[in-house]
Undergrad: 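Before I ask anything, here is the structure I am working with.
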Amino acid sequence: MNSFKLIASLVLFTGLVSCSSNHEKEHQYHGNFEKIKALEVDSISYPVNSLDLIGQTTLVEVKTEEVTFYIPERKSSIKSFKCSECHTKSIPELKASNLTGKRAHWNIELNHATPDVLMCNSCHPTQNLDNLKSNLNADIDFNQSYKACAQCHSSEYKDWLGGAHGKRVKGWVNPRISQTCVGCHNPHSPKFETRLPSRLNTKKIEERR
Ligand code: HEC
Ligand code: HEC
Ligand code: HEC
Ligand code: HEC
């Protein structure tokens with residue numbers, strides 16, 4: 001009887017000790033974000049690194065309070081950049097001088113929201129066109145055009161920051177490199193064309209039987 005009591009109290013005691021030490025560990029971190037950060041493995045210890053894989057692409061940092069990651073830079077792939085090579089005057093002045101008699105940017109048609117919501121000058125200023133502009137006329141660098149999109153598409157923007165919308169480029173190894181909004185959506189016509197699913201190849205299925 002006595003030995004049973006002894007064993008029982010020993011079991012209870014060790015139980016209490018392990019419980020309290022677990023409890024302490026959990027409280028080292030204020031929330032999961034901090035815990036994940038602290039336990040995160042540094043990318044340098046991986047044999048392959050996404051920065052090596054992306055090669056020559058120049059990257060732009062996206063940094064908020066909660067996440068830091070990289071997106072490919074855009075300016076070098078925008079054909080008519082620098083805009084200021086032609087846009088030496090304001091747009092009304094350029095239009096008035098009508099250099100060629102033809103409309104410039106004839107190939108750009110706005111198919112995004114409605115004209116009462118979005119016009120060329122919602123995103124492009126009428127002067128100093130080498131930057132985009134915000135709704136409140138602040139400059140937005142072409143490499144950070146996601147900031148323009150975020151003004152109206154805040155839920156997609158938040159999903160994108162978290163990694164749920166858009167695409168991670170070059171795998172899951174840190175540092176994180178993601179595609180930017182305009183890497184997938186044409187800002188002038190952001191909707192994807194609908195397409196038919198590719199036809200089921202019945203012949204191949206026959207052959208495999
Ligand atoms: C090769 C010369 C050239 C380049 C480069 C150029 N533009 Fe233009 N752009 C013009 C001219 C000329 C006009 C005046 C419009 C007209 O005469 O039809 C114009 C007009 C515009 C307009 C007003 C369109 C409208 O219908 O109100 C926007 C917006 C614009 N440009 C944006 C840009 C941006 C952004 C860039 C750089 C990424 C750029 N342009 C580069 C020549 C150019
Ligand atoms: C929703 C914002 C938005 C609106 C509205 C908009 N643009 Fe743009 N435009 C952009 C962004 C962002 C880019 C750069 C895209 C990239 O990084 O490839 C761009 C790029 C351009 C370029 C350079 C394209 C190239 O490949 O050389 C021209 C020219 C241009 N816009 C003219 C216009 C004109 C003209 C209008 C109105 C008909 C217009 N934009 C309306 C956001 C906008
Ligand atoms: C000033 C507000 C505004 C800005 C800035 C803006 N958008 Fe939009 N966008 C809209 C509105 C309004 C619609 C139409 C919404 C609808 O039909 O439900 C829309 C529609 C879209 C759609 C859905 C198209 C479809 O019909 O499926 C996409 C994708 C999109 N925008 C991407 C972008 C991207 C990328 C940028 C930045 C380059 C951007 N938007 C900037 C207001 C904006
Ligand atoms: C890797 C490509 C990719 C990137 C990057 C991306 N999107 Fe999208 N987006 C998509 C696809 C695919 C859809 C679904 C289109 C459909 O259903 O037709 C979509 C849908 C949308 C829609 C329409 C949502 C709806 O419910 O109809 C909006 C608005 C949008 N994206 C905005 C953005 C913004 C803003 C960013 C940047 C912060 C962004 N996207 C980045 C691929 C992308």
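Read the numbers this way: they start at 1 and go in the same order the structure lists the ligands and their atoms. Starting from 1, each residue takes its place in the sequence as its number.
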Undergrad: Check ligand 3 against Pro187 and write out every atom of the ligand that is under 4.0 Å from a heavy-atom position of the residue.
TA: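 What qualifies from ligand 3 is 38 (C).
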Undergrad: Should the proximity of His87 to ligand 1, defined as any heavy atom under 4.0 Å, be assigned to the side chain, the backbone, both, or neither?
TA: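 The part of His87 near ligand 1 is the side chain, not the backbone.
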Undergrad: Do Leu132 and Lys147 have side chains that get closer than 4.5 Å, going by heavy atoms?
TA: no
Undergrad: Judged on heavy-atom distance to atom 32 (C) of ligand 1, which of Ile78, Leu129, Asn131 sits nearest?
TA: Leu129
Undergrad: Should Phe192 be listed as contacting ligand 4, given a heavy-atom distance under 4.0 Å as the test?
TA: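 The answer is yes: ligand 4 sits under 4.0 Å from a heavy atom of Phe192.
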Undergrad: Indicate yes or no: does an N/O atom of Ser80 lie under 3.5 Å from an N/O atom of ligand 1?
TA: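 Ser80 vs ligand 1: no N/O contact under 3.5 Å.
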Undergrad: On a heavy-atom basis, I'd like to know which of Ser90, Ser122, Cys86 is closest to atom 42 (C) of ligand 1.
TA: Cys86
Undergrad: If only atom types and distance count, is the side chain of His124 paired as donor or acceptor with the main-chain N or O of Leu129 below 3.5 Å?
TA: no
Undergrad: For atom 25 (C) of ligand 3, tell me which residue out of Lys191, His188, Lys147, Met119 has the closest non-hydrogen atom.
TA: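 Of the listed residues, Lys191 has the closest heavy atom.
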Undergrad: Can you confirm whether Leu161 sits close enough to Val62 that some side-chain heavy atom of one is under 4.5 Å from a side-chain heavy atom of the other?
TA: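 Touching, per the 4.5 Å side-chain cut-off.
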Undergrad: Less than 4.0 Å from atom 8 (Fe) of ligand 4, is there any heavy atom belonging to the protein?
TA: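 Protein heavy atoms within 4.0 Å of atom 8 (Fe) of ligand 4 - there is at least one.
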Undergrad: Please name the atom of His165, limited to N, O or S, that comes nearest to atom 8 (Fe) of ligand 4.
TA: NE2
Undergrad: Do ligand 1 and His105 have nitrogen or oxygen atoms that lie under 3.5 Å from each other?
TA: yes
Undergrad: Heavy-atom distances under 4.0 Å decide this one: backbone, side chain, both or neither, for Leu118 against ligand 3?
TA: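 The part of Leu118 near ligand 3 is the side chain, not the backbone.
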Undergrad: Near Cys149, which atoms of ligand 4 are under 4.0 Å from a heavy atom of that residue?
TA: 35 (C)
Undergrad: Determine, considering heavy atoms only, which of Ser134, Cys152, Ser189, Cys123 sits nearest to atom 2 (C) of ligand 3.
TA: Cys152
Undergrad: Provide the number and element of each atom of ligand 1 under 4.0 Å from a heavy atom of Ile91.
TA: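 Those qualifying, in numeric order: 21 (C), 22 (C), 23 (C), 28 (C), 29 (C).
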Undergrad: Considering only non-hydrogen protein atoms, determine which one is nearest to atom 41 (C) of ligand 3 and report residue, atom name and distance to 0.1 Å.
TA: His112 CE1, 3.5 Å
Undergrad: With heavy-atom distances below 4.0 Å as the criterion, list the atoms of ligand 1 near Cys120.
TA: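 Near Cys120, meaning under 4.0 Å from one of its heavy atoms, ligand 1 has 29 (C).
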Undergrad: Between atom 8 (Fe) of ligand 4 and His185, is there an N, O or S atom separated by less than 2.8 Å?
TA: yes
Undergrad: Quick check on atom 8 (Fe) of ligand 4: does Cys181 put an N/O/S atom closer than 2.8 Å to it?
TA: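 Checking atom 8 (Fe) of ligand 4 against Cys181, no N, O or S atom falls under 2.8 Å.
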Undergrad: Would Thr180 count as a contact residue for ligand 4, given that I'm defining contact as a non-hydrogen atom of the residue lying under 4.0 Å from a ligand atom?
TA: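 In this structure, Thr180 qualifies as a contact of ligand 4 - some heavy atom is under 4.0 Å.
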Undergrad: Look only at interatomic distance and state if Cys83 has a nitrogen or oxygen under 3.5 Å from any nitrogen or oxygen of ligand 1.
TA: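 No, since none of the N or O atoms of Cys83 sits under 3.5 Å from an N or O of ligand 1.
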Undergrad: Of all the atoms in ligand 4, which lie at a distance below 4.0 Å from a heavy atom belonging to His153?
TA: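 So the atoms of ligand 4 that pass are 29 (C), 35 (C).
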Undergrad: Hey, what do you get for CD (Glu93) to OG1 (Thr88), rounding to the nearest 0.5 Å?
TA: 8.5 Å
Undergrad: Would you mind checking which non-hydrogen protein atom is closest to atom 26 (O) of ligand 4, with the distance to 0.1 Å?
TA: Glu156 OE2, 4.3 Å
Undergrad: Please report the interatomic distance NZ(Lys167) to CD(Gln179), rounded to the nearest 0.5 Å.
TA: 8.5 Å
Undergrad: Supply the atom-to-atom distance His87 NE2 to Thr126 OG1, rounded to the nearest 0.5 angstrom.
TA: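 The distance works out to 10.5 Å.
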Undergrad: Which bit of Ala148 gets closer than 4.0 Å to ligand 3, counting heavy atoms only: side chain, backbone, both or neither?
TA: backbone
Undergrad: Got a second to check how far Ile71's CD1 is from Ser145's OG, nearest 0.5 Å?
TA: 7.0 Å
Undergrad: Is there side-chain contact between His185 and Phe192, with heavy atoms separated by less than 4.5 Å?
TA: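 They are in contact (side-chain heavy atoms under 4.5 Å apart), so the answer is yes.
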Undergrad: Of Asn131, Asn128, Asp130, which meets side chain to side chain contact (heavy atoms under 4.5 Å, CB included) against Cys83?
TA: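 Running side chain to side chain contact (heavy atoms under 4.5 Å, CB included) over Asn131, Asn128, Asp130 with Cys83 returns exactly one hit, Asp130.
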Undergrad: Of all the non-hydrogen atoms in the protein, which one sits nearest to atom 14 (C) of ligand 3, and at what distance?
TA: Ala113 CA, 4.1 Å
Undergrad: So does Asn135 get a backbone contact from the side chain of Gln151, meaning a donor-acceptor N/O pair under 3.5 Å?
TA: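 A pair under 3.5 Å: yes.
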Undergrad: Any sub-3.5 Å donor-acceptor pair from Lys75's side-chain atoms to Asn143's backbone N or O?
TA: no
Undergrad: Determine, counting only non-hydrogen atoms of the protein, whether one lies under 4.0 angstrom from atom 4 (C) of ligand 4.
TA: yes
Undergrad: Which ligand 4 atoms does Cys184 reach within 4.0 Å, using its non-hydrogen atoms?
TA: 1 (C), 2 (C), 3 (C), 4 (C), 5 (C), 43 (C)
Undergrad: In Å and rounded to the nearest 0.5 Å, what is the CZ to OG1 distance from Arg74 to Thr58?
TA: 12.5 Å
Undergrad: Does Asn111 offer a backbone N or O that forms a donor-acceptor pair with the side chain of Glu109 under 3.5 Å?
TA: no
Undergrad: Quick check: does any side chain N or O of Thr64 sit under 3.5 Å from a backbone N or O of Val67, one acting as donor and the other as acceptor?
TA: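 Here the side-chain-to-backbone pair exists.
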Undergrad: Protein non-hydrogen atoms only, distance under 4.0 Å: does atom 16 (C) of ligand 3 have such a neighbour?
TA: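 Given the 4.0 Å limit, the answer for atom 16 (C) of ligand 3 is no, no protein heavy atom qualifies.
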Undergrad: Would a 4.0 Å cut-off, counted as strictly less than, catch a protein heavy atom around atom 23 (C) of ligand 3?
TA: no
Undergrad: Going from CZ on Phe69 to CZ on Arg176, what distance comes out if it is rounded to the nearest 0.5 angstrom?
TA: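 One gets 4.0 Å once the value is rounded to the nearest 0.5 Å.
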